[in-house]
Amino acid sequence: MGLKDKASKIDFASILPGSQPNPELAKPKTAPGAMMAFANDQRSDLLRENDELRARASQVDELEGRLSEVRDELRSWDGALPARLIDTADIARSEFANRHASAFEGKLFEDFKREIQEAGRNSQPIKVRAIANPGDGPRYELVFGHRRYEACRQVGLPVWAVVENLDDRALIEEMDRENRGRADPSPWEQGMTYLRALEKGVYPSNRQMAAALGVDISNLGKAIALARLPASVVAAFPTPQSIQLAWATDLGKALAEDEAGLMARAQALSAEKGVVPAKSVFARLVSPPSVVPEAAPLPAQASHALKVGGQKVGSLRFDAIGRPSFRLSIKLSTDQQKALVQAMQGFVDSI
């Protein structure tokens, strides 16, 4: 066979790049070959499906890992309540509120308001509960966060709040727990909440309320005693917040044993409000009335005329228990006034 004949038998299409195989040439010529080709095709399909399943299994593992992370994240928020911005006009103070108006005054509160105004909202949400059948009034009742609420109200910002449905007992317990966590409010303010809770029948007794709130029953009783003080006695102090828990027993005793005297002393102190410190106010309120021994009948000369050159210029009188009253009708110079004061003070000092 010549070279020309051999060249004619070469299939250049099968060896050139990019050429497509001829299905007729690749087709098996015998039955065993066809069976082998079929088996190879099936094996290739199985390998391809196996690779696809592995890829999908890998994706499933990745998705399950992400799902587990999401579940863990959700568990961390289990029981959490969403916070929202609420117009302060839609919120009413609770009847159990324990903040006195003076808590919203002074430099510290002004600084607190400024911080909230600069931040654009309160950083810690307050808590409110929905009011049943609010009508045209507020839709929510404040549970805790009275200072944050009042600061937002005064600067004209909506307040960031959590809404939760609570009964009266839960409201009081959450308010008390949150306030005590902040070492606030004062014993008198705390006592007002306790007293209102008892009056409304939220708790049947001091003991059950103390157990529910986790507070010492003795301190709870003292706080209630402060809350029961007459308004004029509370007003004698610089602020209700300045009344200390340790004073409850003595103030209660003074009220029980000498109510009229206590009220009189409180009335006298009201003229000095803001001048006398709280500790001095307490001391004066609980001081027992002076005990004056019964005086013997005064002699006839109980009233004495004071004369200058035979002319009456004043008088010195003693009442039924010996208290003096002194009156002059003449004008004294500055030096004479000083001399008179010194003389009288010297006499008083000698008693």
Side-chain angles (χ1 to χ4, degrees), residues 81-106 108-117 119 121-203 209 212-213 215 220 223-224 226-229 231 234-235 237 239-243:
L81 297 171
R84 69 189 79 169
L85 289 173
I86 300 177
D87 190 333
T88 55
D90 280 337
I91 302 175
R93 294 190 71 192
S94 170
E95 62 181 310
F96 301 107
N98 51 23
R99 291 286 187 180
H100 189 264
S102 58
F104 310 128
E105 300 171 353
L108 288 178
F109 187 69
E110 291 300 319
D111 292 342
F112 182 58
K113 283 167 50 180
R114 191 177 304 110
E115 288 177 8
I116 287 181
Q117 190 166 27
R121 74 173 191 188
N122 47 307
S123 59
Q124 294 292 327
I126 68 171
K127 181 172 283 191
V128 298
R129 69 174 179 178
I131 296 176
N133 304 317
D136 296 331
R139 296 187 298 143
Y140 303 101
E141 179 183 358
L142 195 52
V143 176
F144 62 69
H146 292 77
R147 291 181 75 247
R148 283 163 279 171
Y149 160 79
E150 184 62 22
C152 288
R153 190 190 70 79
Q154 290 190 19
V155 300
L157 289 173
V159 63
W160 194 36
V162 168
V163 181
E164 185 175 3
N165 291 325
L166 302 170
D167 59 18
D168 287 348
R169 179 172 293 198
L171 181 150
I172 292 168
E173 290 170 6
E174 290 214 16
M175 180 192 299
D176 183 78
R177 189 181 306 113
E178 200 266 353
N179 284 332
R180 282 191 290 121
R182 295 173 180 269
D184 205 15
S186 68
W188 179 84
E189 290 173 310
Q190 205 73 36
M192 292 301 294
T193 295
Y194 299 156
L195 182 58
R196 292 189 188 108
L198 285 175
E199 290 175 344
K200 280 206 68 179
V202 179
Y203 299 97
M209 178 160 51
L213 299 178
V215 299
L220 182 140
I224 292 174
L226 292 178
R228 284 189 167 128
L229 290 173
V234 175
F237 289 90
T239 65
Q241 293 92 331
S242 63
I243 306 175

> Looking at CD of Glu110 and CD of Glu105, how far apart are the two atoms once the value is rounded to the nearest 0.5 Å?
Replying inline: 9.5 Å

>> Ignoring hydrogens, what is the shortest heavy-atom contact between Pro187 and Ala223? Give both atom names and the distance.
In response: O-CB, 3.6 Å

>> Contact between Leu213 and Gln190 at the side-chain level, heavy atoms closer than 4.5 Å - yes or no?
In response: no

> Between atom CZ of Arg228 and atom CE of Met192, what is the distance when rounded to the nearest 0.5 Å?
Replying inline: 11.0 Å

> Quick one: CD on Gln154 to CZ on Phe109, what's the gap to the nearest 0.5 Å?
Replying inline: 4.5 Å

> Could you state the interatomic distance from CZ (Phe144) to CZ (Arg177), rounded to the nearest 0.5 Å?
Replying inline: 9.5 Å

> Measuring from Arg121:CZ to Leu157:CG, what's the distance to the nearest 0.5 Å?
Replying inline: 11.0 Å

> Asp168 and Arg129: salt bridge (charged side-chain N to carboxylate O under 4.0 Å, His left out), yes or no, with the steps?
Replying inline: CA-CA 10 Å; Asp168 287 348; Arg129 69 174 179 178; 2.9 Å; yes

> Please walk me through it: do Arg196 and Glu199 pass salt bridge (charged side-chain N to carboxylate O under 4.0 Å, His left out)?
Replying inline: CA-CA 5 Å; Arg196 292 189 188 108; Glu199 290 175 344; over 6 Å; no

> Taking C-beta and beyond as the side chain, do Asp176 and Tyr194 meet within less than 4.5 Å on heavy atoms?
Replying inline: yes

> What's the spacing between Trp160 CH2 and Ile126 CD1 if we round to 0.5 Å?
Replying inline: 11.5 Å

> Got a sec, which residues hit side chain to side chain contact (heavy atoms under 4.5 Å, CB included) with Thr239, two or more places apart in sequence or on another chain?
Replying inline: Ser102, Gln241, Ser242

> For Leu166, which of Met175, Glu173, Glu174 qualifies under side-chain contact (heavy atoms from CB on, under 4.5 Å)?
Replying inline: Glu174

>> Tell me whether Tyr140 contacts the main-chain N or O of Ile86 through its side chain, where contact means a donor paired with an acceptor under 3.5 Å.
In response: no

>> I need the minimum non-hydrogen distance between Leu198 and Met209, along with the two atoms involved.
In response: CG-CE, 3.6 Å

> Taking all non-hydrogen atoms of both residues, which atom of Pro158 and which atom of Cys152 are closest, and how far apart?
Replying inline: O-SG, 4.1 Å

>> Test of understanding: with salt bridge (charged side-chain N to carboxylate O under 4.0 Å, His left out), list the residues that count as partners of Arg114, not counting sequence neighbours.
In response: Asp111

>> I need the minimum non-hydrogen distance between Ala212 and Tyr203, along with the two atoms involved.
In response: CB-CE2, 3.6 Å

> Taking NZ, NE, NH1 and NH2 as the nitrogens, is one of them in Glu150 or Arg147 under 4.0 Å from a carboxylate oxygen of the other?
Replying inline: no

> Which atoms form the tightest heavy-atom contact between Ser94 and Leu171, and what is the distance?
Replying inline: OG-CD2, 3.9 Å

>> Go through it in stages, so that I can follow the logic: the residues are Glu178 and Arg148, the test is salt bridge (charged side-chain N to carboxylate O under 4.0 Å, His left out), and I'd like the CA-CA distance, side-chain angles, deciding distance and then a yes or no.
In response: CA-CA 13 Å; Glu178 200 266 353; Arg148 283 163 279 171; 2.6 Å; yes

> Taking the side chain from Thr193 and the backbone from Phe96, do they hold a donor-acceptor pair closer than 3.5 Å?
Replying inline: yes

